[in-house]
Amino acid sequence: DLNKPLTEAWVNIDSTSEIVKVTSEYEKNKGWLKFKFNDRDANSSEINYTITIPPGVKLSIYNVNNDIELTNIENDLDIELLNGDVEVDNASGLNKVEIANGKLKGSLDSTKGMTVDILNGKVDLKLDSAFSANFKIDVGNGKIQHEDLNFSILTSEKETLRGRIGESNA
């Protein structure tokens with residue numbers, strides 16, 4: 001069977017407009033025999049994409065039940081994710097991240113601005129020592145931890161933190 005083409009999964013790429021839409025479909029295994037390798041369910045299916053985006057193009061990602069990894073992105077980002085995690089390393093554009101049931105993790109050395117809205121999750125960002133920005137952080141049910149950050153202006157209450165690092169207005 002290894003010499004036969006894969007017929008159980010399809011990747012559709014629609015580039016007929018200014019928006020490029022990538023979708024996946026796959027058939028689930030309906031057999032009665034199940035195998036398990038490395039604690040993964042034999043019926044689980046996974047399709048991974050590696051996409052290179054040219055500079056200057058806004059990147060919008062809308063996804064359900066998957067993780068997203070972004071590395072060295074200079075583009076502006078708009079991410080909406082239901083049930084999954086976002087890992088961002090060096091996203092220097094204007095970034096908007098909305099996650100329901102997941103977390104945002106990564107590292108930033110600069111950004112034009114970032115808005116993060118997470119319901120049922122957490123944010124864990126490591127900032128470069130030269131990072132500069134204004135912060136407005138509010139939590140509804142949780143806590144704010146800010147270790148090793150040198151805020152020049154800081155107002156902190158139980159569920160709110162306002163502060164500035166450096167001189168940027170981002």
Side-chain angles (χ1 to χ4, degrees), residues 11-24 44 46-170:
V11 176
N12 301 312
I13 302 173
D14 179 0
S15 60
T16 56
S17 69
E18 65 182 34
I19 297 173
V20 177
K21 184 176 181 181
V22 180
T23 56
S24 305
S44 71
E46 185 174 289
I47 298 175
N48 294 318
Y49 299 102
T50 301
I51 300 172
T52 303
I53 305 295
V57 175
K58 181 178 179 180
L59 178 60
S60 297
I61 301 172
Y62 307 97
N63 208 338
V64 177
N65 297 327
N66 290 292
D67 296 338
I68 299 170
E69 295 179 26
L70 301 164
T71 306
N72 298 324
I73 301 289
E74 296 176 9
N75 312 59
D76 292 347
L77 298 174
D78 185 359
I79 300 171
E80 290 183 35
L81 179 60
L82 175 63
N83 300 325
D85 299 335
V86 175
E87 184 167 342
V88 178
D89 287 312
N90 298 323
S92 59
L94 184 60
N95 305 309
K96 179 181 177 186
V97 179
E98 295 180 25
I99 303 173
N101 305 316
K103 65 183 171 192
L104 172 64
K105 181 179 180 183
S107 62
L108 297 173
D109 57 9
S110 67
T111 181
K112 292 179 187 171
M114 178 174 257
T115 301
V116 178
D117 186 6
I118 296 183
L119 176 66
N120 298 324
K122 75 179 209 174
V123 177
D124 183 6
L125 291 174
K126 293 177 180 35
L127 305 178
D128 185 85
S129 60
F131 191 86
S132 182
N134 289 324
F135 289 83
K136 297 175 187 169
I137 303 170
D138 296 303
V139 297
N141 185 15
K143 60 184 173 179
I144 302 170
Q145 294 178 328
H146 55 91
E147 300 162 2
D148 302 323
L149 296 176
N150 296 319
F151 287 98
S152 59
I153 302 170
L154 181 64
T155 309
S156 181
E157 298 175 14
K158 181 178 178 183
E159 296 178 339
T160 302
L161 181 135
R162 304 278 187 265
R164 173 183 273 187
I165 297 175
E167 300 300 320
S168 174
N169 284 325

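- Taking each heavy atom of Asp85 and Asp67 in turn, the nearest pair found is N-OD1, 2.9 Å.
- Smallest separation of non-hydrogen atoms from Glu167 and Ser132: N-OG, 2.9 Å.
- When all heavy atoms of Ile118 and Gly102 are compared, the pair lying nearest together is CG2-O, 3.7 Å.
- Once rounded to the nearest 0.5 Å, the distance linking CG of Leu94 with NZ of Lys112 reads 7.5 Å.
- Atom CG of Asp109 is separated from atom OG of Ser92 by 7.0 Å, given to the nearest 0.5 angstrom.
- A 4.5 Å side-chain heavy-atom check between Ile73 and Val88 finds every atom pair outside the cut-off.
- Shortest non-hydrogen contact noted between Ser152 and Gly166 is OG-O, 4.3 Å.
- Under a cut-off of 6.0 angstrom, the local environment of CG in Asn150 is sparse, with at most 12 non-hydrogen atoms contributed by other residues, nucleotides or ligands.
- For the pair Asp14 (side chain) and Thr16 (backbone), a donor-acceptor distance under 3.5 Å is present.
- Across all non-hydrogen atoms, the minimal contact from Glu87 to Asp89 is OE2-OD2, 3.7 Å.
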Taking it one step at a time, do Thr160 and Thr155 satisfy side chain to side chain contact (heavy atoms under 4.5 Å, CB included)?
-> CA-CA 8 Å; Thr160 302; Thr155 309; over 6 Å; no
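- You'll find the side chain of Met114 reaches within 4.5 Å of the side chain of Leu108, heavy atoms only.
- Atoms CD1 and CG, from Ile61 and Leu70 in turn, are 5.0 Å apart once rounded to the nearest 0.5 Å.
- Note: Phe131 CZ to Leu125 CG = 8.0 Å, rounded to the nearest 0.5 Å.
- At a threshold of 4.5 Å between non-hydrogen side-chain atoms, the residues Asp138 and Arg162 count as touching.
- Rounding to the nearest 0.5 Å gives a distance of 8.0 Å between NZ of Lys122 and NZ of Lys105.
- The line from CG of Asn120 to CG of Asn83 is 9.5 Å long, rounded to the nearest 0.5 Å.
- Paired with Ile68 under the rule side chain to side chain contact (heavy atoms under 4.5 Å, CB included), one option of Val97, Ile79, Leu104 passes, and it is Ile79.
- In this structure the side chain of Tyr62 never reaches within 4.5 angstrom of the side chain of Leu82, judged on heavy atoms.
- Asp128 has its side chain out of reach of Lys126: every pair of non-hydrogen atoms, C-beta onward, lies at least 4.5 Å apart.
- Nearest heavy-atom pair across Leu77 and Ala91 is CD1-CB, 3.9 Å.
- Counting non-hydrogen atoms of other residues, nucleotides and ligands closer than 6.0 Å to CD of Glu159 gives a total above 12.
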